[in-house]
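In what follows, chains carry the letters A, B, and so on, assigned in the order in which the sequence lines appear, proteins first and then strands, with residues in each chain numbered from 1.
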Amino acid sequence: MRSAISRSVDPAFAQHLNTVSTMKQHQHEATRLLTRADLRKRTRPAEFIAETSITGIAFVSLAAIVMIFIFAFREAAPIFSQPDVAAGQVQAPIEEQETYGEEMVASAPESAAPGKESARTDRDAEEGATLENLLGSVWQPVSSVPKFGLLPLVVGSFKVTLLAILLAAPIGILAALFTASFAPRWSREVLKPTIEILAGFPSVVIGFFGLVTLATLLQSVFGYTYRLNAFVGGVAMSLAVIPIIYTVTEDALNAVPKYLTEASLALGATKWETALFVTLPAATPGVFAAVVLGFGRAFGETMIVLMVTGNAALLSPGIFEPVRTMSATIGSEMAEVVFGDTHYTVLFLIGAILFLFTFSLNAVAEIFVRKRLLRRFGGG
Amino acid sequence: MVTKKRRLIGAGVIGISAIAALAIVGIVAAVTGTIVAGGWSTLSWEFLTAAPSEGMTAGGIFPAIVGTVFLVVMMSIAGVPIGTVTAIYLCEYAGTRSVLARGIRFAVNTLAGVPAIVFGLFGLGFFIQFVGGGIDRALTGGAELRWAQPNILWASLTMALLTLPVVIISVEEAIKTVPQDLRAASLALGATKWQTIRRVVIPNSLTGIMTGGILAVSRGAGEVAPILFTGAAYFLPHLPTALSDQFMELGYHIYIMSTQSTDVDATRGIQYATTLVLLLLTFLLNFSAIYLRSRIRARQQRS
Amino acid sequence: MTTGPLPLQPKISTSTLSVLYGAKAAVKNVSLDIPANKVTAFIGPSGCGKSTFLRSFNRMNDLIEGAHIEGSVRIDGVDIYDRGIDVVELRKRVGMIFQRSNPFPKSIYDNIAYGPRVNGIRDRKRLDEIVESALRRSAIWDEVKDDLGKSALALSGGQQQRLCIARALAVDPSVLLMDEPASALDPTATGKIEELIYELKDRYTIVIVTHNMQQAARVSDLTAFFYLGELVEFDETRKIFTAPSHRQTEEYITGRFG
Ligand SMILES: Nc1ncnc2c1ncn2[C@@H]1O[C@H](COP(=O)(O)OP(=O)(O)OP(=O)(O)O)[C@@H](O)[C@H]1O
Ligand SMILES: [Mg+2]
């Protein structure tokens, strides 16, 4: 056996083996038998350092993410533990404020207890964020009797968001349908980068455009009284939402298996019938996800509403009235509040609500829709 | 049989969807056109290199440009490497089936949709109050307010967090495009996991990683909400020199100038030109990302 | 020539080896001795566990979540699933060629030099020598010697596969595992790979999975037939193809199923 091997080794390879046999930790050439020593566990410092630091850094960033979840609620927590966090408390050291979070659940029911309320009538004038106060319909955080009614803000947010979705959803979905089903190649090549540009517009730029151009234009068309109002906000906001709805819808449409559309076409259906009655229905969960994600984006968007909705916290039914959204309230008031007072805490509460709401919307889009899509297309 | 009626409806459907598509092109053209037309005449070398003057009704936007660049650079330094490494961890080290990895992925995905303003709140509550307050108490016993107030460091870190999910998601996508075959080839040759990552996975997804980084950075560069109360200043006569300084920023400048300045109408030119500069900056970032991506696509098609 | 399949101490030896994906066994209770410096072919219908079995020899199955083994695999008498075994070192000594050729998107030179480089060889002259001899051994040197700097992806499919063989040889393993190395190639390229296998067996223990009966007959000394995860028959190739002792083997090689 051995002699047969050595006879057939060509000179170049013999040299190779020479070279190779000097490789670190390599077995001796003559035997070519593996031994336990060849295969014993090595310590590889580079490997260890790389793995440890990658894992470490990953955990730092995950810790940061967890922190966001915690701190989004932490600063809002005092509301639930101290029904009357008011002017008197402002001077309290910050550390003390921070401990309130732990009692949140335990003392929440107390805050609604009428006995406690009446015992504090002397402080009612400076009353902070009781439940009734928060559910009230007046937002007047800076006045001798501060009122923290969230209702106008919530209504404002929904007004603008719904308007934006009503505008953006048809445009985004139809445009996606056009790209996925009808568009000639060249127009797709124009449309895609255009959408990317639109998605790349900073929201402050859209806000500025809404403020100086859209507002004036729309007022001259519709002839309403207030130049800046919920309607202008919705229109401007739709510019920020269209790219999301378009992109997600188009993905969903493209994910519809070819055999479905081909079967439809083979049965004599026209292109548009296939698109409308086969492709679009098959992609419904994706389209739904698109709208949900768009809704979340619009609901949390700050700069656009801050600039074009007029920012008056009025509870009104009309869409041509100025409104103030939850996000805009945080954006415009947070810079002026005193750390730790009721106003500050309520703004954080609004932030926590925004967070929870958009987070749930995303979770719905993420879990529910993806599962539905998977089931529909057989786990592909 | 295609009847006349069917053909008419078909034309209608296609027509309406084509109009929707056209509308998008129109919108983009209108926004871009308005801003270019409004800002072009004010844009000048002096505008780019001078500080605002006469109560911000004249002069340029130099401090805002510098502030924006500082912010973007610091945010990238803080966020992009950590995001990239996290993505590598998720793709290469964390098992796909592990509950932890799935939980992390879920958190990252949903966090990407959390409003920017909430990140601002986090910056205020965590960085300024908690960390900054802690530093101040440790240094001066809380007597002096130095770190527990808005500054460029806290603003950058807040922005870094905002872009973190974006970086993680896009880098993960880039890494996933590296064929499993190549990893197998490397490991079968006796390369270790880290050698495989360093010599095969990263080089083959580098363009994708860069694209993800740039896209994240450009998203960050355009966001104003997170810095409203974590560091941006209305007006500063000087450039930031320390991490504890506040700074001017282009987007914030647009917001302030167009909504709260003393004479909004008189400064329209400045507002337009500032918007134009911000737009150019984000376009530059976006186009380089799109360009890189198209190169990746071309390469993938060739092989 | 001896008549039994065990002329010498076996190079690879499995004993009651089962490989499971989760709870499902893809390889069931296989005991098999593969002799050194021979070509051993694994045949059997699709899904019968040939690749899984092959991958257990260099522990590539470790990379699949949920995969684990029962029983043992010994190479030169060393239990490679022992806790003290370094998988990385094992894979340097047990090379693998995949069904789909998978050159790195790098130059031809860098592909071959990959293994030596991860082994710490930096010296350019030494690398040059290794690259040349590996390419010569894989009978592709003459075709590529003038453009070693060219991308490996620019080679033809057959050349790419021989490049992958050269790449594996450059770390100087003593065992070569080949999982359908020629299934994606045309007859000419397949012929070249087979010739190459024939030449390499002087120096390496080769295990090849193939769906091509002629190929198994042409290149292998021994053949193992698997069915539904079990080893049905293992003997000299000549015997398997002329007088198999199991009906299933005969039905398979005569093309009645599979
Ligand atoms: N990664 C995996 N996870 C779970 N099951 C697997 C995996 N890989 C293979 N299997 C299963 O194990 C069994 C054997 O697969 P294997 O690939 O080893 O067969 P094979 O004989 O190589 O088939 P082929 O000739 O088609 O390559 C099959 O039933 C297959 O479904
Ligand atoms: Mg196989």
* To do: Please list all pairs passing the salt bridge (Lys or Arg N to Asp or Glu O under 4.0 Å) test where one or both residues lie in residues 146-160 of chain C, with sequence neighbours left out.
  => C:Asp147-C:Lys150

* Would you say B:Leu182 and C:Pro105 make side-chain contact, with heavy atoms under 4.5 Å? -> yes

* Asked: Would you find a donor on one side and an acceptor on the other, under 3.5 Å apart, between the side chain of B:Asp181 and the backbone of C:Asn102?
  -> no

* To do: Please look at C:Phe98 and chain B and tell me whether the side chain, the backbone, both or neither of the residue comes under 4.5 angstrom of a heavy atom of that chain.
  => side chain

* Structure fact -> Among residues 184-200 of chain B, residues within the sub-4.5 Å heavy-atom range of chain C, in order of number, are B:Ala184, B:Ala185, B:Ser186, B:Leu187, B:Ala188, B:Leu189, B:Gly190, B:Ala191, B:Thr192, B:Gln195, B:Thr196, B:Arg199, B:Val200

* C:Arg100 atom CZ, over 12 foreign heavy atoms within 6.0 Å -> no

* Asked: Checking heavy atoms, do the side chain of C:Val87, its backbone, both or neither come under 4.5 Å from chain B?
  -> neither

* **Contact origin within C:Arg59 toward chain B - heavy atom pairs under 4.5 Å** => neither

* For residues 277-291 of chain B, pull every pair meeting salt bridge (Lys or Arg N to Asp or Glu O under 4.0 Å), keeping only residues two or more places apart or in separate chains. => none

* If you look only at pairs with a residue in residues 70-80 of chain B, which of them pass as a salt bridge (Lys or Arg N to Asp or Glu O under 4.0 Å), with sequence neighbours excluded? -> none

